[in-house]
Protein chains: 2
Amino acid sequence: MGLTIYDIAREAGVSASTVSRVLNSRPGIKKSTRERVERILKESNFSVSEAARGLVNQTSKMIGILVSDIRNQHHIEGAYMIEQHFMRKGYCSLILNAGDTDESKAEYIRILSSRRVNAAVLIGSSFQNEPVRQAIIDYMPDTPIIFQNGEFSLPNVSSVVSDEVVGIYDAAKYLYEQGRRNIAYINNNDTPSNRKKILGYEKASRELCFPRILYVCSDSAESGAEITEKLITEHPEVDAIIYAVDLIAVGGSRKLLDLGKRIPEDIAVIGTDNSPFSMISNPRLSTVDTKLQELSTSCSEILEKAIENPSYTEHVIISPSLVLRETT
Amino acid sequence: MGLTIYDIAREAGVSASTVSRVLNSRPGIKKSTRERVERILKESNFSVSEAARGLVNQTSKMIGILVSDIRNQHHIEGAYMIEQHFMRKGYCSLILNAGDTDESKAEYIRILSSRRVNAAVLIGSSFQNEPVRQAIIDYMPDTPIIFQNGEFSLPNVSSVVSDEVVGIYDAAKYLYEQGRRNIAYINNNDTPSNRKKILGYEKASRELCFPRILYVCSDSAESGAEITEKLITEHPEVDAIIYAVDLIAVGGSRKLLDLGKRIPEDIAVIGTDNSPFSMISNPRLSTVDTKLQELSTSCSEILEKAIENPSYTEHVIISPSLVLRETT
DNA sequence: AAATTTTTTGCAATCGATTTCAAAATTATC
DNA sequence: GATAATTTTGAAATCGATTGCAAAAAATTT
């Protein structure tokens with residue numbers, strides 16, 4: 001390995017400039033020369049150094065994708081779509097686990113800055129905090145950035161969000177229309193996105209006049225089971241539960257069944273996100289579809305425009321929809 | 001942005017060399033100079049160009065991770081652990097979807113070569129094909145590579161595999177010992193890894209003298225449900241099913257329940273991989289734990305040694321174990 | 001205070017590409 | 001067949017870092 005265009009040039013009896021022009025399909029090279037260089041390029045398994053190329057071209061041809069935890073199905077799905085979209089355009093994706101704390105997330109903005117990514121995507125509302133905001137201002141004030149499920153009012157930051165308020169509101173309204181009168185809501189960690197979900201629940205409670213029964217749960221099926229048991233013990237009257245996350249809903253449903261409740265006869269259940277396993281869970285979970293696919297597609301499109309024209313930004317809100325399966 | 005060390009140097013009234021030395025904590029810089037440069041570095045939010053640095057240092061400080069589909073929980077889990085391990089050492093991970101075809105996978109080897117990654121990880125046995133092998137020989141003959149769940153006999157390629165033969169064999173043997181006599185096996189796509197699973201099933205069938213009932217299924221819960229229905233119709237005597245993949249087993253179990261079968265009373269079910277959802281599925285799935293965690297840890301460790309000493313390779317086989325839950 | 005040693009610093013080359021500009025080679029025109 | 005127009009090519013600068021070597025500055029020794 002370690003071949004450079006100078007090695008190729010020597011072998012072909014031309015200058016490095018000529019090799020470079022062949023590599024980049026530039027015009028003005030005699031056909032016979034081009035073919036000879038191409039042959040040698042192929043024969044010697046030459047591969048250009050993207051680092052050197054990036055240095056002179058002032059571009060890394062990389063997209064930075066920050067996720068708080070790539071093991072999260074929902075997040076990785078978004079990263080996947082963006083990766084696929086940009087790989088077709090010749091970009092590689094730096095998919096990074098930005099970690100739990102605000103500081104580690106800000107640190108990752110710095111890492112992306114050092115790598116000179118052409119654009120960055122922040123997936124998940126957990127990036128919506130001051131250290132990240134400051135890091136963007138300090139280290140990436142001109143790089144196109146897009147927030148998937150979050151927002152910053154900054155000149156280079158676009159956003160695509162799902163309307164969480166409406167999602168939970170619609171779920172509660174549907175349950176109410178089906179005759180449920182004691183609709184509980186189990187929220188997840190305190191993030192901007194989850195706060196909006198509470199708003200939706202409260203709005204429905206206010207408008208439809210049903211009592212608020214609100215619990216908070218951490219991000220696992222086990223925790224969902226635990227909190228659900230507590231909920232049912234303290235509020236035996238509950239006849240419907242909305243969960244902020246599908247995984248938690250699956251854990252909760254399982255516990256309800258174990259406690260001898262029938263789903264949906266005794267208690268209806270609705271999750272959030274329309275995760276892949278919500279469809280294979282037993283019973284199949286009804287859920288608020290936050291339209292991940294559309295979110296990601298929109299994300300890629302906006303980012304592409306922003307890369308071409310760095311002053312371009314766009315802010316999109318996508319309406320969720322209810323997917324009714326066996327738990328309602 | 002776009003500040004260079006020359007800008008910093010001018011500001012601090014020193015040369016670029018001095019700035020570089022401060023950046024890399026090199027000795028032999030007067031304390032007062034170091035502090036002044038550091039202050040200016042911080043004040044101006046300088047971030048080094050890793051591309052330029054990589055060019056002179058002949059290293060990209062990147063690890064390439066190739067996965068056929070990052071949305072696959074099982075694969076991404078492996079990528080996650082490697083990413084975490086190397087991020088702590090200052091490396092970024094290029095996690096790429098290498099796609100379905102052999103050619104696209106080989107193409108990604110070329111991409112990693114252009115990016116001059118310090119090492120590469122190929123996750124999943126689907127990389128075990130001739131075009132990839134040739135691409136490694138042509139484009140990355142000296143870069144440390146490790147295969148997670150696959151193998152190439154090449155001087156720069158290490159491997160970590162789970163012993164698939166033993167995994168399925170043990171599952172079948174366990175079922176037999178529990179009194180099951182008509183143990184079917186449902187395999188997935190024809191890959192080296194899945195062929196080994198068949199070997200394990202056949203070995204058990206031969207040694208324990210039970211009839212072979214083998215079906216093949218594609219990689220989804222729906223397909224699992226479909227094939228399972230076919231199996232039960234054609235072989236009503238079956239009293240246990242082993243599946244090559246947890247997801248397929250979940251789809252299959254669900255169908256068995258729908259058909260009025262009791263699990264495990266009428267039919268026992270065992271999946272493979274101990275995927276996250278095997279624990280939350282209903283009923284909770286018994287499964288062959290292929291020890292993903294250990295596999296990945298081992299992977300990172302070997303790769304780290306190989307980066308330090310490029311001639312280092314290692315081949316590890318990890319024994320799977322049975323995780324018994326509610327379907328057996 | 002001069003000579004010597006040690007500590008700090010800067011110059012210039014280097015990494016592997018791309019690109020501008022001018023020179024060389026080729027083709028067209030008279 | 002000489003001149004002009006056009007096509008190909010190469011030399012050298014550039015991108016933003018790092019580093020070996022020599023010069024300058026500071027600290028020690030005499």
Rounding to a whole Å, what distance do you find between [X]:[atom1] and [N]:[atom2]?
X        : N      : atom1 : atom2 : value
B:Ile8   : D:dG16 : CD1   : P     : 13 Å
A:Asn24  : C:dA17 : CG    : P     : 11 Å
A:Leu55  : D:dT14 : CG    : P     : 14 Å
B:Arg115 : C:dG16 : CZ    : P     : 17 Å
B:Lys61  : D:dG16 : NZ    : P     : 22 Å
B:Lys31  : D:dA25 : NZ    : C1'   : 20 Å
A:Tyr6   : D:dA11 : OH    : P     : 10 Å
B:Arg116 : D:dA17 : CZ    : P     : 20 Å

Using the closest heavy atom to pick a nucleotide of DNA chain C for each, name whichever of A:Arg21 or A:Ile5 lands nearer the 5' end. A:Ile5
Categorize B:Val48 for me: base, sugar-phosphate, or nothing, with a 4.0 angstrom heavy-atom threshold over every strand shown. sugar-phosphate
Have a look at B:Ile29 and say if it touches a base, only the backbone sugar-phosphate, or nothing, with a 4.0 Å heavy-atom cut-off. sugar-phosphate
5' priority, DNA chain D, between A:Val14 and B:Leu23 [closest heavy atom]: A:Val14
Which residue lies more 5' along DNA chain D, comparing B:Lys30 with B:Arg53 via nearest heavy atoms: B:Arg53
Does a side-chain N or O from [X] land closer than 4.0 Å to OP1 or OP2 of [N], or not?
X       : N      : result
A:Ser15 : D:dG10 : yes
A:Arg26 : C:dT19 : yes
A:Asn57 : C:dA17 : no
A:Thr4  : C:dG16 : no
A:Thr18 : D:dG10 : yes
A:Gln58 : C:dT18 : no

Choosing from D:dA17, D:dC15, D:dA11, which nucleotide comes nearest the side chain of B:Ser49? D:dA17
Least distance between heavy atoms, B:Gln148 atom then B:Gly78 atom: NE2-CA, 4.1 Å
Minimum heavy-atom distance A:Arg115-B:Cys92, with the two atoms named: NE-SG, 3.6 Å
Is it true that B:Ser113 and A:Ser47 share a donor-acceptor pair across their side chains at a distance under 3.5 Å? yes
Using 0.5 Å steps for rounding, measure from the OH atom of B:Tyr91 to the CD1 atom of B:Ile307. 4.5 Å
In this structure, CD1 of A:Ile63 is separated from CG of A:Asn118 (nearest 0.5 Å) by 5.5 Å
